[in-house]
Asks: 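Take this structure, written in structure tokens, and hold onto it; I'll ask about it next.
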Number of protein chains: 2
Amino acid sequence: MQDIDIFSKDCPTRFNLSVISGKWGLLIILALADRSLRFSELVRTIGGISERMASQTLKYLERCGVVRRRVVQHAKPPQVYYELTPLGRQFVAPLSQLVEIANRNVDALIYHHD
Amino acid sequence: MQDIDIFSKDCPTRFNLSVISGKWGLLIILALADRSLRFSELVRTIGGISERMASQTLKYLERCGVVRRRVVQHAKPPQVYYELTPLGRQFVAPLSQLVEIANRNVDALIYHHD
DNA sequence: CTGAATCCCTACCGATACTG
DNA sequence: CAGTATCGGTAGGGATTCAG
């Protein structure tokens, strides 16, 4: 714990938070919160996401150790499941809280023009 | 509350979360968590942020009702303080939790190449 | 001190088409 | 079904300069 300062320019934690700073990371993590999903299920679940971004973001989250990819062998057509790792699961609670806050204040939070 | 579905394509909440999805929003909110800061204090606090992005992001957060701008009159040179609104303060707790998780797992979370 | 203005670049992202 | 490949637009962001 000790010397980590998120306000420091080169703080690795700052980079780590990029798992949710993108457009889709947060949504994917929450989509997988309850149960593992197949690729196409995930795409259908998250309205507006393209297959390209689903694939790309999943790969990124996997590389960060947040998501695990599980292939069901001998299945035709192939089945690939995605699920949160224990590490990824830790993010669910605070992210859910953020969403709740945003929901509660959905009227106040709107961008006020001029 | 009721019908808000974050997985729906046009969910306003999804947009609202853009206050933290950028590169600087989360850091600014946490920097202002303890006390209000002047513009240059904020820039110095958050390592690596440019004046341009500080100004731009603050304006954005202000428009969203998360940050309030307070000008001290009759001060020369001018003093401008930024502070969280009650709405903004709600985000502090979950965001702190995210940072803590990222800190705890700073080694595991690193992007794994190949 | 507190920004606004400009320039420019890149990374992100959407759309579409294609593959095993 | 589960992706990859390619193309191109756009918004995010850095560097620098200027202004009240």
Side-chain angles (χ1 to χ4, degrees), chain A residues 7 9-10 14-15 17-28 31-32 36-64 67-83 111 113-114, chain B residues 7-11 14-29 31-32 36-64 67-83 111 113-114:
Chain A
F7 296 121
K9 188 178 184 309
D10 300 317
R14 196 188 283 190
F15 166 79
L17 289 169
S18 62
V19 296
I20 59 140
S21 76
K23 188 172 182 179
W24 301 112
L26 179 147
L27 290 172
I28 287 184
L32 296 176
S36 65
L37 292 175
R38 298 178 57 177
F39 181 79
S40 55
E41 287 178 313
L42 189 79
V43 171
R44 274 192 304 271
T45 299
I46 302 179
I49 198 172
S50 63
E51 294 182 353
R52 183 184 183 279
M53 289 315 297
S55 169
Q56 186 173 302
T57 308
L58 280 169
K59 196 177 294 179
Y60 179 73
L61 293 178
E62 192 188 357
R63 270 150 150 30
C64 288
V67 160
R68 177 164 33 228
R69 191 182 120 106
R70 194 162 43 81
V71 180
V72 176
Q73 302 290 0
H74 306 306
K76 247 184 352 181
Q79 299 186 354
V80 181
Y81 287 87
Y82 290 94
E83 60 195 2
Y111 182 87
H113 302 273
D114 295 345
Chain B
F7 297 120
S8 161
K9 189 178 182 313
D10 300 317
C11 175
R14 196 187 284 191
F15 167 79
N16 290 343
L17 289 170
S18 62
V19 296
I20 57 140
S21 76
K23 186 173 183 180
W24 302 112
L26 178 147
L27 290 172
I28 288 184
I29 291 177
L32 296 175
S36 64
L37 291 176
R38 296 179 58 181
F39 182 78
S40 54
E41 286 178 314
L42 189 78
V43 170
R44 273 193 304 272
T45 300
I46 302 179
I49 196 172
S50 64
E51 294 182 354
R52 183 186 183 278
M53 289 315 296
S55 170
Q56 185 174 302
T57 308
L58 280 169
K59 194 179 295 178
Y60 179 74
L61 294 178
E62 193 188 357
R63 270 152 149 33
C64 288
V67 160
R68 177 162 35 227
R69 190 181 124 106
R70 194 162 42 81
V71 179
V72 175
Q73 303 290 358
H74 306 306
K76 248 186 346 184
Q79 298 186 354
V80 182
Y81 287 87
Y82 291 93
E83 59 195 5
Y111 182 88
H113 303 272
D114 292 347

Asks: Could you tell me whether Tyr82(B) contacts a base, only the sugar-phosphate backbone, or nothing, with contacts defined as non-hydrogen atoms closer than 4.0 Å?
Replies: sugar-phosphate
Asks: Kindly compute the distance separating NZ (Lys23(A)) from CZ (Arg14(B)), expressed to the nearest 0.5 Å.
Replies: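 Interatomic distance, Lys23(A) NZ to Arg14(B) CZ, rounded to 0.5 Å: 8.0 Å.
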Asks: Nearest whole angstrom, please: distance from the P of dT2(C) to the CD of Gln73(B).
Replies: 14 Å
Asks: Is Ser55(A) close enough to dG3(D) that one of its side-chain N or O atoms is under 4.0 Å from OP1 or OP2 there?
Replies: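 Answer is no, no contact under 4.0 Å.
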Asks: To the nearest 10°, give me the bend of the helix from dC1(C)-dG20(D) to dG20(C)-dC1(D), comparing the axes of its five terminal pairs at either end.
Replies: 50°
Asks: In this structure, how many angstroms lie between the P atom of dG3(C) and the CD atom of Gln79(B), rounded?
Replies: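 Rounded to whole Å, this separation is 12 Å.
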Asks: Rounding to an integer number of Å, can you tell me how far Arg38(B) CZ sits from dG3(C) P?
Replies: 10 Å
Asks: Distance check: side-chain N/O of Arg69(A) vs OP1/OP2 of dG3(D), anything under 4.0 Å?
Replies: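 So the side chain of Arg69(A) is within the cut-off, an N or O lying under 4.0 Å from OP1 or OP2 of dG3(D).
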Asks: Is there a side-chain contact between Leu32(B) and Leu42(B) (heavy atoms, below 4.5 Å)?
Replies: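 Sidechains of Leu42(B) and Leu32(B): in contact.
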Asks: Please identify each residue that fulfils side-chain contact (heavy atoms from CB on, under 4.5 Å) with Ala54(B), with sequence neighbours left out.
Replies: Phe39(B), Val43(B), Ile49(B)
Asks: Over how many whole Å does the gap from Leu58(B) atom CG to dC1(C) atom C1' extend?
Replies: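 Answer to the nearest Å: 15 Å.
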Asks: Can any side-chain N or O of Thr45(B) pair as donor or acceptor with the backbone N or O of Glu41(B) at less than 3.5 Å?
Replies: yes
Asks: Tell me: CG of Leu37(A) to P of dC1(D), nearest whole Å?
Replies: 14 Å
Asks: Treating primed atoms plus P, OP1 and OP2 as sugar-phosphate and everything else as base, which nucleotides of nucleotides 9-20 of chain D get B, S or - for protein heavy atoms under 4.0 Å?
Replies: ----BBB-----
Asks: Just to verify, what does Glu83(A) make a salt bridge (Lys or Arg N to Asp or Glu O under 4.0 Å) with, not counting sequence neighbours?
Replies: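 For Glu83(A) the salt bridge (Lys or Arg N to Asp or Glu O under 4.0 Å) partners, ignoring immediate neighbours, are Arg68(A), Arg70(A).
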Asks: Would you say the side-chain atoms of Ser55(A) pair up with the backbone N or O of Glu51(A), donor to acceptor, closer than 3.5 Å?
Replies: no
Asks: So, is Lys59(A) close to the dG3(D) phosphate, meaning a side-chain N or O under 4.0 Å from OP1 or OP2?
Replies: no
Asks: Just to verify, what does Tyr60(B) make a ring-ring contact (aromatic ring centres under 6.0 Å, His included) with, not counting sequence neighbours?
Replies: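 Tyr60(B) satisfies ring-ring contact (aromatic ring centres under 6.0 Å, His included) with Tyr111(A) once adjacent residues are dropped.
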Asks: Quick one: list whatever passes side-chain hydrogen bond (donor to acceptor under 3.5 Å, both in side chains) with Tyr81(A), sequence neighbours left out.
Replies: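 For Tyr81(A) there are no side-chain hydrogen bond (donor to acceptor under 3.5 Å, both in side chains) partners, ignoring immediate neighbours.
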Asks: What's the spacing between Leu27(A) CG and Ile46(A) CD1 if we round to 0.5 Å?
Replies: 5.5 Å
